[in-house]
2 protein chains.
Amino acid sequence: MRIGELAKLSNTPTRSLRYYEEQGLIVPRRLENGYREYDPYLIDRAIQIRGLIDSGVPTKIIALILPCLDKPRGIVPDDIQPELLTILRDERDKMTQRIDFLTRNRDSIATYIEAADAALARRTAATVA
Amino acid sequence: MRIGELAKLSNTPTRSLRYYEEQGLIVPRRLENGYREYDPYLIDRAIQIRGLIDSGVPTKIIALILPCLDKPRGIVPDDIQPELLTILRDERDKMTQRIDFLTRNRDSIATYIEAADAALARRTAATVA
DNA sequence: CTTGACCTTCACACTAGTGTCAACCATTTA
DNA sequence: TAAATGGTTGACACTAGTGTGAAGGTCAAG
């Protein structure tokens with residue numbers, strides 16, 4: 001598929017897709033005319049990238065971890081460098097921290113919303129009565 | 001405490017603290033000399049803000065939700081506007097999405113790390129033997 | 001009273017990611 | 001063949017958040 005279709009299917013502006021390519025995240029092959037040609041499995045990839053960026057993971061890091069996530073479970077190349085492993089551990093921990101932060105704050109918001117809903121319901125009932 | 005101490009305790013550059021003030025997130029009172037004076041409870045607040053920003057929540061949104069998180073559990077002002085409630089619901093859902101994204105990817109990374117560790121251990125054992 | 005540490009504001013610069021526009025090429029369709 | 005649609009690169013602009021430095025005020029210690 002070409003860039004426009006991928007943009008629709010992954011709900012990602014073409015501008016961003018080209019930017020991701022510039023960052024080495026999604027590098028499509030080219031047709032004779034120079035058009036970018038994307039394989040269908042890249043839809044998920046684009047969505048994944050968007051989600052990660054939106055969650056505060058910079059493209060440089062995404063570029064590092066994507067190849068690892070691509071491999072089938074438990075497959076590790078022989079030439080794995082301990083330096084990359086350190087980065088991965090670090091990023092894993094950062095993500096865990098983010099998850100904790102987001103979870104705590106989301107739960108607080110959720111609680112607030114429920115309280116507000118309850119208050120609103122009470123007020124409505126009172127008005128009706 | 002003054003801005004330097006808060007910076008150390010919350011591990012946040014003074015530049016960012018002033019920026020947060022500009023965005024209305026933490027507005028300290030001022031001493032006679034013009035120095036910013038922070039209450040100790042703002043340490044947690046600064047950390048919280050940093051965590052949210054790092055997790056992809058923009059300061060405009062943080063400014064909206066912070067007041068809600070400040071209230072003791074279940075306390076909702078009488079004049080709650082349904083418009084704010086809509087924003088809160090939206091943000092709650094976005095955060096849930098982020099949490100899911102991060103969790104999935106973190107788990108994948110963790111799995112990869114474990115596999116790499118195992119592979120490394122095997123190789124070390126083989127080398128020794 | 002001067003030095004040093006800390007504070008003030010202001011401003012310029014930088015990265016990341018995206019929007020947008022210009023100028024042009026390709027493909028389809030009326 | 002001309003218009004519409006969608007693709008290409010390149011450039012410029014913008015927001016968010018932070019770094020950094022200038023020019024100056026405050027205060028405690030030597």
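These figures come from a predicted structure and were not determined experimentally. Within every chain, numbering begins at 1; the chains are lettered A, B, ... in the order of the sequence lines, protein sequences first and strands thereafter.
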* **Rounded distance (nearest 0.5 Å) linking atom CD1 of A:Ile43 with atom CG of A:Asn11** => 12.0 Å
* Nearest-Å distance, CZ (A:Arg15) to P (D:dC12)? -> 13 Å
* Is any side-chain N or O of A:Arg18 closer than 4.0 Å to OP1 or OP2 of D:dT8? -> yes
* Structure fact -> Comparing A:Tyr35 with A:Tyr19, nearest DNA chain C nucleotide closer to 5' gives the residue A:Tyr19
* Structure fact -> A:Pro67 and A:Ala63 have their tightest heavy-atom pair at CD-O, 3.0 Å
* **Candidate list B:Arg2, B:Arg45, B:Arg29, test salt bridge (Lys or Arg N to Asp or Glu O under 4.0 Å), partner B:Asp39, passing option** => B:Arg29
* Rounded to whole angstroms, how far apart are CG on B:Asn11 and P on D:dT18? -> 12 Å
* Which distance, rounded to the nearest 0.5 Å, do you find between the OG of A:Ser55 and the CZ of B:Arg106? -> 12.5 Å
* Structure fact -> From CG of A:Leu17 across to C1' of D:dT9 the rounded distance in Å is 16 Å
* Asked: Considering heavy-atom distances to DNA chain C, does B:Lys8 or B:Arg36 have its closest nucleotide positioned more toward the 5' end?
  -> B:Lys8
* A:Tyr38 OH to D:dG6 P, straight-line distance once rounded to whole Å -> 16 Å
* Rounded to the nearest Å, what distance is computed from the CZ atom of residue A:Arg2 to the C1' atom of nucleotide D:dT8? -> 12 Å
* Among D:dG19, D:dT26, D:dT8, find the nucleotide with the atom closest to the side chain of B:Asn33. => D:dT26
* Would you indicate what A:Thr59 reaches in the nucleic acid, counting non-hydrogen atoms under 4.0 angstrom: base, sugar-phosphate, or nothing? => sugar-phosphate
* Give the minimum heavy-atom separation between A:Glu21 and A:Tyr38, together with the two atoms involved. => OE1-OH, 4.3 Å
* Asked: Are the charged groups of A:Arg92 and B:Glu114 less than 4.0 angstrom apart, N to O?
  -> no
* Should the pair B:Lys94-B:Asp90 be classified as a salt bridge under the 4.0 Å nitrogen-to-oxygen rule? -> yes
* To do: With a 4.0 angstrom cut-off to heavy atoms of chain A, pull out the first and last contacting nucleotide of DNA chain C, in 5'-to-3' order.
  => C:dA16 to C:dT27
* **Short side-chain N/O contact to D:dT9 OP1/OP2 from A:Arg30, under 4.0 Å** => yes
